[in-house]
Every structure is written in structure tokens, then in C-alpha cells.
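Here is the structure we will look at, set down as C-alpha cells.
In each ligand, atom 1 is the first atom listed, and ligand 1 is the first ligand listed.
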Amino acid sequence: MKAKITLLPGDGIGPEIVDATRQVLEAIASRSGHTFTFSTHLIGGIAIDETGVPLPDDTIVGCRSADAVLLGAVGGPKWDDPNARVRPEQGLLGMRKALKLFANVRPVKLFRGLEAASPLKAERLRGVDLVFVRELTGGIYFGQPKGKETRNGLRTGFDTMVYDEQEIRRIVELAFQVARKRGGHVTSIDKANVLATMQVWREIATEVGRENADIRLDHQLVDSAAMRLVTDPSSFDVIVSGNMFGDILSDEGAVLTGSLGLLPSASLGEGTLGLYEPIHGSAPDIAGKGIANPLGTILSAAMLLRHSLNLDEDAKTIEDVVQKVLDSGLRTADLSGGQRSLGTTEMAGAVVNAIEAA
Ligand code: IPM
Ligand code: MG
């Protein structure tokens, strides 16, 4: 298999974790006889510094011509002025829109041996294995009109939450497909008791549910879903939601595992091109220190192999090897509880060695 992979290291720890993950992809390529060619492009704060914009055209071209895109993280205190004309996050949002990546898939799985790292009690965690399917190119993030203006002498900000039935249907249908390969259960999140957008959401989700009667569908209001995520997380299988609710709930879901550093994500569209990134941010406090946990990005690369390159076996190798490395007691600083820990490169090296031995 020959594949073109575009790397978008971005800001903060982004370059370190993407570099580490590239070594893992190279190890997989040489083990399985693939040829991966990599090209690197700018996004986020570093793109603002070097070109004046968070998403240069050249980056979009580089992503469109690739088979898959691996992203580190964007953002940092340097570009954090909320009133700045350009912000690093616009790069990420613009990329999702430009590549029509309407679905964000975020699996939340516990790793054996890391139960103690979770803020939840072990008995609450038993059986937790869920996936967020978040709508990514619509809703309040993109709805028009949005802006800031003075109304009656008062500084006023406004955004629009809007979804049409096509947008709702395609994301809910995707959630059903995901559920069919897992636990056969979809929970659709809305706020239908208050928001008109979410009444339409529930109506369409119900229709899709009727057309897919083999899958169990329930509806839950976003506020009570937030509660259930920490009181009874194992009762979820696939959670489907709009853009903003999914943003919030998926961060909440991520802490169940005890480390944001371990969780991958995939942003997918109609075709096979996808953008893969760890769900954690750019961690400016530890950037450049060589201690960031690369496993979330490495596991994102596994999702990349599975979804964009159809390399299920190689994806599984990476996932198994990560569990094996954790089983052997190796930890980066975020998980070591102050005990001896490995740096980013060493952790990636441990994964590479385990791949070569697998
Ligand atoms: C995420 C992030 C982004 C979002 C930010 C960086 C724009 O929080 O991917 O969840 O809100 O979608
Ligand atoms: Mg988020």
C-alpha cells in the first residue's frame, strides 16, 4: 500500500507528538511493506506567525491531495487575545469545513492498568466503552448571523444555532453505523425542551431510529447526559450530538479514562480522507520539554490506518502494542504519579520496539 499522509504539527506540544507518531507510522510501514510519504504544512498559531493566517491555502491543498491528515494541536497563550482578528482555532475550524469533515468520532476506552488514574471510583468505571459521534461542520459554531455589535448602547454578542434535516440525518445515520459494529445502542443528545433546533434534531433522530430498528435508540437532554456520563458512564455505547454539545460532553467523557493524553479522534466526511488528532490541546505549559504523552496521537494514527487507509490489521497492531507497553509499566509523566517516567521520544521508541517485535 502506498499512501500520502499530510502532517500538521501545529502549536505547543504538537510538533513533538506528531514527530513521535511519524516514527510509529514508519515502523508500521516497514513491518507491513507499505510506503508512506509525508509532507508537513502549517496550521494554527505558527501559521499566523509565518504567513499571517491560521490556515494558508497551501495547507488546504496539501490536505486535499493527501490520503489522510495527522494533526497535533493548535493554539496557545501567545495568540489567546479573544479580540484578535485571527486566531489559531480558526485554522482547525476552517480545515474541518474545507475538507467537509462533518463527523468527529471520539472513542473513550479505559486502558487496563490505568483505572487508578481516573477521578471516578473503580466500580463506576467497570465496562466503560463508548464513542462520541459529534457533528462538526454545523450548528452554533458556523451558523449565521454571528457577530459582535452595539445594540441600544450595549456591547452585544450573538451566534446562531441552526441545523437542517440533511445535516442531522447524515450524522445520526453515521452514529447508527458505528453502533451496528459495537453495542447496538445509540443515545441522541439534544435540548428539545428548550431549543427549536433541537426539536428538529429529535424528530430526525427518531425517524432514523425507525429506519434502523435493529439498533436501540434513546434520547437524552444534554444536561442530564452530562450527569449520567459521570454517574453511569457504562450505560452508553454511541453518543450522537450536535457540534457544541459534543465538544463539551466529549471533554467530560475523556477525563473518565484518567488521562486526556491517551485519547484519539477522527474527523470524517463522505470519502475516505480524514483528519486525525489527539483530543488534548497544545499543552503550552509543557511544550518543548519533551515530556508530552504521544500515545493519544499514536492511537489517532491507528484510527487513520483503519478509516482512511483500510489497514485494519496495522491499526490493531498499534492498539495492541500500546496496551502492551502500558502493561509493561512504562508511563509518561502525565500517568506516572511522580514515579519514574519516559519522555515523548522514549515512549514512541518503546512503541516502535514493540511493533518490531510483534
Ligand atoms: C475540539 C476543540 C476545538 C473545538 C477548538 C480548538 C476550536 O475544542 O476539537 O474539541 O471546539 O471544536
Ligand atoms: Mg473541544
### Task
Apply salt bridge (charged side-chain N to carboxylate O under 4.0 Å, His left out) to the pair D218 and R216, showing each step before the final yes or no.
CA-CA 7 Å; D218 48 38; R216 178 154 73 93; 3.8 Å; yes
#### Entry: Donor-acceptor pair, side chain of S267 and main chain of L101, under 3.5 angstrom
no
### Test salt bridge (charged side-chain N to carboxylate O under 4.0 Å, His left out) applied to R169 and E203, E207, E135, the passing residue
E207
### Query
What part of Q90 sits under 4.0 Å from ligand 1 if we count only heavy atoms: the side chain, the backbone, both or neither?
neither
### Any R134 heavy atom less than 4.0 Å from ligand 1
yes
### Query
Which protein non-hydrogen atom lies closest to atom 5 (C) of ligand 1, naming both residue and atom, and how far is it?
E89 CG, 4.3 Å
### Query
Which heavy atom of the protein is the closest neighbour of atom 11 (O) of ligand 1, given with residue, atom name and distance?
Y141 OH, 2.5 Å
### Query
For ligand 1, is any non-hydrogen atom under 4.0 Å from R96's backbone (N, CA, C, O), its side chain (CB onward), both, or neither?
side chain
### Interatomic distance, I168 atom CD1 to M198 atom CE [nearest 0.5 angstrom]
6.5 Å
### Query
In terms of residue, atom name and distance, what is the protein heavy atom nearest to atom 2 (C) of ligand 1?
D247 OD1, 4.0 Å
#### Entry: Rounded distance [0.5 Å steps], CG in D312 versus NE2 in H307
8.5 Å
### Task
Is it possible for you to check whether R170 lies under 6.0 Å from the centre of the six-membered ring of F102, through NZ or CZ, and within 45° of that ring's axis?
yes
### Query
What distance separates T297 OG1 from I13 CD1, expressed to the nearest 0.5 Å?
7.0 Å
### Task
Test the K97-F142 pair against the cation-pi criterion, namely NZ or CZ under 6.0 angstrom from the six-membered ring centroid and within 45° of the ring axis.
yes
### Task
Measure the shortest side-chain to side-chain distance between L326 and L295 over non-hydrogen atoms and say whether it is less than 4.5 angstrom.
yes
### Query
Which N, O or S atoms belonging to the protein are less than 2.8 Å from the Mg ion (ligand 2)?
D247 OD1
### Query
Any heavy atom of R106 sitting closer than 4.0 Å to ligand 1?
yes
